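Working notes, structure below.
Predicted, not measured: the structure shown is a model, and the values here were computed from it. To find a chain, count down the sequence lines: A is the first, B the second, and so on, and within it residues start at 1.
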Amino acid sequence: MKIPPVKGTRDFYPPQMAVRNFLSDGWKAVSLRNGFVEYDGPIFEYLRMYQVKSGDEIVEQLFHLTDRGGRELAIRPEITPTLARMINQQINALPRPIKWFSMPRLCRAERPQKGRLREFFQWNIDIVGVDDVLADAEVIFCTLDYLRSVGLSSSDIIAKISSRKLLAALLEHVGVPHDKLDGLYPILDKKAKLPGEAFVEMVAGVVESSQAVDKLLALMEVHSAGQIKDIVPDIAANDIAQAALDEVHQVFDLLEAMGVGDYCRFDMSIVRGLAYYTGIVFEVHDAVGDLRAVCGGGRYDNLLRDFGGPSVPATGMGMGDCVLEILLRDRGLLTEGMFKRKMDYFVACADSNLRPKAMEIVARLRQSGAATEFSYKSANLGKQLKAADACGARHCLIIGQEYSTDKKLVLKEMASGTQSLVNESNFLEKSAFIQ
RNA sequence: GUGGAAGUAGCUCAGUCGGUUAGAGCACCAGAUUGUGGAUCUGGGGGUCGGGGGUUCGAGUCCCCUCUUCCACCCCA
């Protein structure tokens, strides 16, 4: 009986695994050089852990199960609750600042579509315990540091940055009642996807004052922090709004100083779904805008408290592998050559009587650290050289009549085709393996 | 969960009006070539035509159901 792969999953054959490793190796390297340390948690948690912030609707989007002890569990759809749980458990013992990264495998029981599968990997970086906007800027910098390192330029991607705090203050300032805010965020978040009229209609459905709606709509069109004064001239009189605006300016100044200003743009329409975020928020999109967000993040100062811990500020980012891979492929940044197998040596045995000697040399090369391969077939040298080429060997050692008569090995450099005779003991002893 | 499109070899696809034993390219294996690789030529293996049911003398082809994939919606932590 033939059993198919499960909907929304991927099989990682060696070529796909090479791509996956390329992504995660990059994530890891950039995390480490930005001062983050790696952590991970269990692949499942109590189901209720995911209901804390998102309610019961989320249960339908989760793979959940009941174990034999009657515990309601769920495969993790995100790692932030696990992060919150782990940090809360040791909050007083962890050295500050807490800068952690992870690359968890996550599952969500959603319908697969472009850039979204039911099983995926997501790079997460979080800074916990720092309320300074320096941390927000660092998270954004680290994100761009990675994206830049894989070859994406400011003409390929754009980091859209806003502030939840600023948005809330301005909305209230222009007359949106405080209790309408949570209902408004999901609508504002959809602005880019809705036709203009439908968006206005939805906003008007929540906000009664037409004057407030007009101001709100004007604010959503703002694409630089400096323009806000044009729409809200008396912003300086509002301490909260002014403070939030100052933070935004600071973040942009920092990102400019760190050399990634080209990638960054203020965009009031970046809201990020639910009432999760409390300060700076951002998303990275492809410049053309035909893919879903490459990543998203922001400040969430209440989350640890909501998970039963002390009130500790935090800011972070999550980046999935699916959209990223589509984007990199689209821009020609994933090429065959990047993933070609590379071996240092191929040992060809041209005389089956010398097979034990060939295997001894293979073993010694491997022990010395040289990636070494050989063929199970003896004698047919043409086949073996073909195999050497296929595995990407830089050098081929031929063991044949020269060995039988003079204890010499033929060392062939594959790229140039040039070959030379080397003395077996010299070659192996001086470990002058050309790698 | 809703809607649209598509499933033929490992991959990309052809397959006429329903008619004999389902094809091509690429990939893979082998030979040409028993001491010299990437090229070329020749040959070979590989198919539940996604699955099930129906119509028919006869179904890859027509009808129904189902599964999967892709695209859009809902949602997006």
Side-chain angles (χ1 to χ4, degrees), chain A residues 1-11 13 15 45 49-55 57-62 74-84 104 106-118 120 122 124 185-186 189-190 192-194 198 271-277 281 283 290-293 295-298 300 303 306 316-320 322-323 326 340 346 348-352 354 375 377-405 409-419:
Chain A
M1 176 185 255
K2 206 171 180 179
I3 300 172
V6 175
K7 178 207 270 283
T9 63
R10 289 170 288 179
D11 290 329
Y13 287 84
E45 294 273 4
M49 173 161 272
Y50 303 110
Q51 296 169 304
V52 170
K53 292 307 293 172
S54 312
E57 321 85 64
I58 213 71
V59 174
E60 297 187 0
Q61 312 268 42
L62 295 177
I75 300 178
R76 62 188 179 187
E78 57 171 328
I79 203 172
T80 308
T82 301
L83 171 80
L106 307 175
C107 292
R108 298 176 183 175
E110 298 172 299
R111 190 110 169 203
Q113 59 182 276
K114 189 175 187 182
R116 192 170 74 180
L117 297 171
R118 303 179 90 165
F120 57 97
Q122 189 184 65
N124 282 253
Y185 294 142
D189 194 49
K190 285 185 191 125
K193 298 183 69 175
L194 290 170
V271 180
R272 307 279 303 154
L274 298 173
Y276 190 92
Y277 293 96
V281 287
E283 289 177 1
D290 47 22
L291 296 175
R292 56 181 59 244
C295 70
Y300 51 98
L303 193 69
D306 293 341
M317 181 285 301
M319 178 187 298
C322 300
V323 174
I326 292 170
K340 195 174 184 321
F346 187 97
C349 179
D351 176 348
S352 53
L354 295 171
S375 170
K377 299 183 183 69
S378 290
N380 188 336
L381 189 58
K383 291 281 180 211
Q384 294 185 69
L385 280 163
K386 202 166 185 169
D389 182 58
C391 74
R394 283 219 286 262
H395 302 279
C396 185
L397 267 184
I398 300 165
I399 299 164
Q401 65 195 32
E402 299 84 348
Y403 186 80
S404 302
T405 58
L409 310 173
V410 177
L411 177 62
K412 182 183 179 79
E413 188 185 339
M414 295 299 285
S416 63
T418 58
Q419 52 189 55

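The C1' atoms of B:rU8 and B:rC41 are separated by 29 Å, rounded to the nearest whole Å. B:rG23 and B:rU66 are spaced 29 Å apart, taking the C1' atom of each and rounding to whole Å. Using P as the reference atom, B:rA6 and B:rC62 are 11 Å apart when rounded to the nearest Å. With P as the reference atom, B:rG10 and B:rC28 are 15 Å apart, rounded to whole Å. The gap from the P atom of B:rG50 to that of B:rU68 amounts to 16 Å, rounded to the nearest Å. Comparing B:rA22 with B:rC74, their P atoms sit 47 Å apart, to the nearest whole Å. For the P atoms, the distance from B:rG38 to B:rC29 is 14 Å, rounded to whole Å. On the P atoms, B:rG7 is 16 Å away from B:rG60, given to the nearest whole Å.
Within the 3.5 Å criterion, the main-chain N or O of A:Gly318 finds no donor-acceptor partner in the side chain of A:Asn124. A:Arg108 places no side-chain N or O within donor-acceptor distance of the main-chain N or O of A:Gln61, the cut-off being under 3.5 Å. A:Asp11 places no side-chain N or O within donor-acceptor distance of the main-chain N or O of A:Tyr13, the cut-off being under 3.5 Å.
Nearest nucleotide to the side chain of A:Gln113, out of B:rC70, B:rA77, B:rC74: B:rC74. Among B:rC70, B:rA77, B:rU69, the nucleotide with an atom closest to any side-chain atom of A:Lys7 is B:rU69.
In this structure, A:Tyr13 places its OH atom 14 Å from C1' of B:rC28, rounding to the nearest Å. At whole-Å resolution of the value, CG in A:Asp189 and C1' in B:rC76 are 9 Å apart. As rounded to whole Å, 13 Å separates atom P of B:rG38 from atom NZ of A:Lys340. With rounding to whole Å, A:Arg118 atom CZ is found 15 Å from B:rC70 atom C1'. Atom CG of A:Leu83 and atom P of B:rA77 are 17 Å apart (whole Å). To the nearest angstrom, P of B:rG38 lies 14 Å from CZ of A:Phe346. Separating the CD atom of A:Glu413 from the P atom of B:rG38 is a distance of 18 Å, rounded to the nearest angstrom. Following rounding to the nearest Å, A:Arg116 (CZ) and B:rC75 (P) show an atom-to-atom distance of 10 Å.
Residue contacts for A:Gly8: at a heavy-atom cut-off of 4.0 Å it reaches the sugar-phosphate backbone alone, with no base atom in range. Contact annotation for A:Gly417: base contact, defined as any heavy-atom pair under 4.0 Å involving a base atom. Here A:Lys193 lies in heavy-atom contact (under 4.0 Å) with a base.
Pairing for B:rG7 goes to B:rC67, judged as Watson-Crick or G-U wobble with the two contacts each under 3.5 Å. Here B:rA72 sits opposite B:rU2 as a Watson-Crick or G-U wobble pair (both hydrogen-bonding atom distances under 3.5 Å). B:rU55 is unpaired under the criterion used here, namely a Watson-Crick or G-U wobble arrangement in which both key atom distances are under 3.5 Å. Nucleotide B:rU61 forms no Watson-Crick or G-U wobble pair with any nucleotide shown, as no partner meets the under 3.5 Å limit on both distances. Under the Watson-Crick or G-U wobble criterion, with both distances below 3.5 Å, B:rG46 has no partner in any strand shown. Nucleotide B:rU33 forms a pair with no other nucleotide shown, judged by Watson-Crick or G-U wobble geometry with both contacts under 3.5 Å. B:rA22 makes up no base pair with any nucleotide shown, lacking Watson-Crick or G-U wobble contacts both under 3.5 Å. The pairing partner recorded for B:rA39 is none, the criterion being a Watson-Crick or G-U wobble arrangement whose two distances lie under 3.5 angstrom.
Residue A:Arg272 has a polar side-chain atom (N or O) positioned under 4.0 Å from OP1 or OP2 of B:rA77.
Across all their heavy atoms, A:Val323 and A:Gly115 have their closest contact at CG2-O, 3.6 Å. Closest heavy-atom contact between A:Met414 and A:Cys396: SD-CB, 3.8 Å. For the pair A:Ile79 and A:Leu106, the tightest heavy-atom approach, listed with the atom from each and the gap, is N-CD2, 4.3 Å. Closest heavy-atom contact between A:Arg118 and A:Lys7: NH1-CD, 2.5 Å.
Distance check: A:Met319 CE to A:Gln122 CD gives 9.5 Å after rounding to the nearest 0.5 Å. The line from CD of A:Gln384 to NZ of A:Lys377 is 9.0 Å long, rounded to the nearest 0.5 Å.
For A:Arg111 against B:rC75, no side-chain N or O and base N or O form a donor-acceptor pair under 3.5 Å.
Positionally, the nearest nucleotide of RNA chain B for A:Thr9 lies more toward the 5' end than for the other of A:Thr9 and A:Glu78.
For A:Tyr300, the ring pair (Phe, Tyr, Trp, His ring centres under 6.0 Å) test picks out A:Tyr276, with sequence neighbours left out.
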Worksheet item: Can you give one letter per nucleotide of nucleotides 31-36 of chain B, going 5' to 3': B for a protein heavy atom under 4.0 Å from the base, S for sugar-phosphate only, - for none?
Response: S---BB

